[in-house]
Amino acid sequence: AAGPRRGAGAAPPPGWAPCRAARAHPRPVPLAVGSVLSSYGWYMLLAVVAVYLLVQKVSRSLAARPSARPGAAEAAEEPDVVVRRQEALAAARLRMQEELNAQAEKYKEKQRQLEEERRRQKIAMWESMQEGKSYKGNLKLNQQEAESGASASAVPKSKPNKKPLRGGGYNPLSGEGGGTCSWRPSRRGPSAGG
């Protein structure tokens with residue numbers, strides 16, 4: 001019994017706490033870090049160097065990028081060119097809008113003229129009816145005049161020459177001009193049968 005030796009079943013001394021015991025014994029963590037460094041140290045060193053070189057290359061490319069963009073450089077150098085381009089675009093839009101407005105006005109005027117013509121035709125029809133005349137003849141004349149005015153502005157279409165399906169001498173009632181076959185009514189009378 002040389003010295004106070006603690007055994008597995010011995011009780012801890014009276015002021016002993018578990019946190020003091022944890023501080024007293026060294027942790028195995030530094031051993032693990034050391035073993036990782038000794039095993040993979042060169043690989044980690046090469047990875048750090050590669051990351052450093054990659055960061056340098058990316059920073060250089062980002063620094064050179066704004067001067068490489070043609071749009072940003074031109075806009076920064078020559079703002080008057082951009083202003084002129086925008087003014088030209090606005091002028092072109094204004095011209096197109098004016099053309100559209102002119103076309104709309106022409107269309108409205110044409111519609112007004114057509115309505116006026118229809119109103120005149122109705123008045124003429126009413127007057128001819130009041131006088132006891134036939135208004136259809138006047139109506140046809142007015143429509144032909146209106147159509148001739150409308151067709152003058154439109155492109156005339158050519159009609160193809162059509163041949164009649166049958167000759168001019170064909171008459172289905174007489175049986176002439178129809179070829180060799182002709183229909184003849186049967187004789188009327190009692191049927192012969194038995």
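Predicted model only: the values in this text are computed from it and were never measured.
One hydrophobic cluster holds both Val36 and Tyr43 under the rule that ILVMFWY side chains link at heavy-atom gaps under 4.5 Å.
One N or O on the side chain of Ser59 and one on the backbone of Gln56 form a donor-acceptor pair closer than 3.5 Å.
Leu53 meets the side-chain contact (heavy atoms from CB on, under 4.5 Å) test with Val49; sequence neighbours excluded. Applying the side-chain contact (heavy atoms from CB on, under 4.5 Å) criterion to Arg93, with sequence neighbours excluded, gives Leu89.
Using a 4.0 Å cut-off between charged side-chain N and carboxylate O, Arg118 and Glu115 make a salt bridge. Between Arg120 and Glu117 there is a salt bridge, since a side-chain N of the basic residue sits under 4.0 Å from a carboxylate O of the acidic one.
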Walk me through it: do Asn101 and Gln97 pass the test side-chain hydrogen bond (donor to acceptor under 3.5 Å, both in side chains)?
CA-CA 6 Å; Asn101 291 342; Gln97 186 64 42; 3.3 Å; yes

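The one candidate from Gln111, Glu109, Glu116 that meets the side chain to side chain contact (heavy atoms under 4.5 Å, CB included) condition with Gln113 is Glu109.
If you take CZ on Arg119 and CG on Leu114, they are separated by 13.5 Å, rounding to the nearest 0.5 Å.
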